[in-house]
Amino acid sequence: MQDEVDRLTEAWRKERPDLDVRPLQVLSRVSRLARHLDRARRAVFAAHELEGWEFDVLTALRRAGDPYQLSPGMLLRATLVTSGTMTNRIDRLAAAGLVERHPDPQDKRGVQVRLTAAGMTRVDAAFADLLDRENAILESLAPDDRETLAGLLRNLLIPFDSDD
């Protein structure tokens, strides 16, 4: 059974036999899969009235454990955005009642951003639905194949993650 990547690499081999198009066999599939995953994730988030960036901030707080709070600096490192962007995001999440700002007891000038009960309810439901959707996407792979694929993808990502 052929997929779109097989067809495009076959066409490139005919048009440019002088080039090694084998990287397309892997990376074009990763790229296409990323687009499909992005669509699936956006649909899950929309069902929970969340944007992707909201989910990112809320899950960072949720993963932090009780009392589910982080400094804005820790949040921007977790979500890879600028401080101005993070301030805007916290403002919007606070206005929606999903997070609250609290004084930082260690730094009188600082604040801690804390997940509210409404934020926890929303992010927990969205995360459970996301895992259901992603498990359905991976359904065609045997558990051992999933582990192998996860390891191979980790090997590809480590050099990028270590540059951060």
Side-chain angles (χ1 to χ4, degrees), residues 4-5 8 23-139 141 146-164:
E4 184 61 26
V5 174
L8 75 90
L24 296 176
Q25 291 287 330
V26 174
L27 300 177
S28 289
R29 285 188 175 97
V30 169
S31 178
R32 292 178 65 79
L33 182 58
R35 286 192 294 263
H36 289 292
L37 289 172
D38 185 55
R39 287 182 192 150
R41 286 179 161 210
R42 278 189 274 132
V44 168
F45 301 154
H48 292 276
E49 299 177 1
L50 290 171
E51 297 288 333
W53 65 265
E54 292 172 309
F55 182 82
D56 290 346
V57 174
L58 296 175
T59 55
L61 292 167
R62 183 65 169 99
R63 288 190 313 267
D66 194 17
Y68 309 105
Q69 70 182 23
L70 295 169
S71 69
M74 294 171 85
L75 280 170
L76 61 94
R77 282 189 293 281
T79 58
L80 303 175
V81 298
T82 65
S83 63
T85 298
M86 183 51 65
T87 298
N88 180 272
R89 289 178 176 186
I90 293 167
D91 288 346
R92 290 173 64 186
L93 289 167
L98 301 176
V99 302
E100 298 171 331
R101 287 182 173 92
H102 292 273
D104 186 338
Q106 267 68 42
D107 178 1
K108 299 301 179 205
R109 297 170 302 163
V111 297
Q112 291 287 310
V113 179
R114 186 177 303 160
L115 196 59
T116 64
M120 184 173 296
T121 298
R122 179 104 45 105
V123 76
D124 280 356
F127 186 57
D129 286 352
L130 177 65
L131 290 177
D132 286 345
R133 181 69 183 113
E134 291 185 352
N135 273 314
I137 290 169
L138 293 171
E139 211 167 52
L141 295 178
R146 289 183 190 195
E147 284 187 40
T148 299
L149 180 58
L152 293 169
L153 292 171
R154 180 184 306 109
N155 290 342
L156 285 175
L157 283 172
I158 284 174
F160 294 99
D161 288 345
S162 63
D163 286 345
D164 295 336

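Just so you know, residue 1 is the first one in the sequence shown, and it goes up from there.
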inquiry  = Please give me the minimum heavy-atom distance between Ala60 and Ala78, naming the atom from each residue.
reply    = CB-CB, 4.1 Å
inquiry  = Tell me if a side-chain donor or acceptor on Thr116 pairs with a main-chain N or O of Leu98 at a distance below 3.5 Å.
reply    = yes
inquiry  = So, taking the atom named CD in Gln112 and the one named CG in Leu75, what distance separates them when rounded to the nearest 0.5 Å?
reply    = 9.0 Å
query = Roughly how far, to the nearest 0.5 Å, is CG of Leu138 from CD of Glu134?
reply = 7.5 Å
inquiry  = Counting C-beta onward and ignoring hydrogens, is there a side-chain heavy-atom pair between His48 and Val123 closer than 4.5 Å?
reply    = no
ask   = Counting N and O atoms only, with roles assigned by atom type, does the side chain of Thr121 sit under 3.5 Å from a partner on the main chain of Ala117, one being a donor and the other an acceptor?
value = yes
request  = Find out whether Val113 and Leu70 are in side-chain contact, i.e. whether some heavy atom of one side chain is under 4.5 Å from a heavy atom of the other.
outcome  = no
query = Are the side chain of Thr59 and the backbone N or O of Asp56 linked by a donor-acceptor pair below 3.5 Å?
reply = yes
inquiry  = Can you tell me if Arg114 has over 12 outside heavy atoms packed within less than 6.0 Å of its CZ?
reply    = yes
message = Nearest 0.5 angstrom please: Arg92 CZ to Glu54 CD, how far?
response = 6.5 Å
request  = Kindly say whether Val5 contributes a backbone atom to a donor-acceptor pair with the side chain of Arg32 at under 3.5 angstrom?
outcome  = no
message = Closer than 3.5 angstrom, by distance alone: can the side chain of Asn135 be matched with the main-chain N or O of Leu131 as a donor-acceptor pair?
response = yes
query = Can you find a heavy atom in the side chain of Trp53 that is under 4.5 Å from one in the side chain of Leu93?
reply = yes
query = Roughly how far apart are Leu156 CG and Leu27 CG, rounded to 0.5 Å?
reply = 7.0 Å
ask   = Once you round to the nearest 0.5 Å, how far does CG of Asp66 lie from CG of Leu115?
value = 10.5 Å
query = Below 4.0 angstrom, N of the basic side chain to O of the carboxylate: do Asp38 and Arg42 qualify?
reply = yes
task = Answer yes or no: is there a side-chain heavy-atom contact under 4.5 Å between Arg154 and Ile158?
result = yes
request  = Kindly determine whether Asp91 and Arg101 satisfy salt bridge (Lys or Arg N to Asp or Glu O under 4.0 Å), including the steps that lead there.
outcome  = CA-CA 9 Å; Asp91 288 346; Arg101 287 182 173 92; 2.5 Å; yes
query = Around atom CD of Glu139, are there more than 12 heavy atoms of other residues, nucleotides or ligands at under 6.0 Å?
reply = no
key: Flag if over 12 foreign heavy atoms under 6.0 Å of CE, Met74   = no
key: Student check: side-chain heavy atoms of Leu130 and Phe55 closer than 4.5 Å   = yes
ask   = Does the side chain of Thr85 reach to within under 4.5 Å of the side chain of Leu76, using non-hydrogen atoms?
value = no
request  = For the residue pair Arg62 and Phe127, establish whether any side-chain heavy-atom pair is separated by less than 4.5 Å.
outcome  = no
query = Is the side chain of Arg29 donor-acceptor paired with the backbone N or O of Gln25 at a distance under 3.5 Å, no angle test?
reply = yes
request  = Using a 4.5 Å cut-off on heavy atoms from C-beta on, say whether the side chain of Leu33 contacts that of Val30.
outcome  = no
query = Say you draw a straight line from CE of Met86 to OG of Ser71; how long is it, rounded to the nearest 0.5 Å?
reply = 10.0 Å
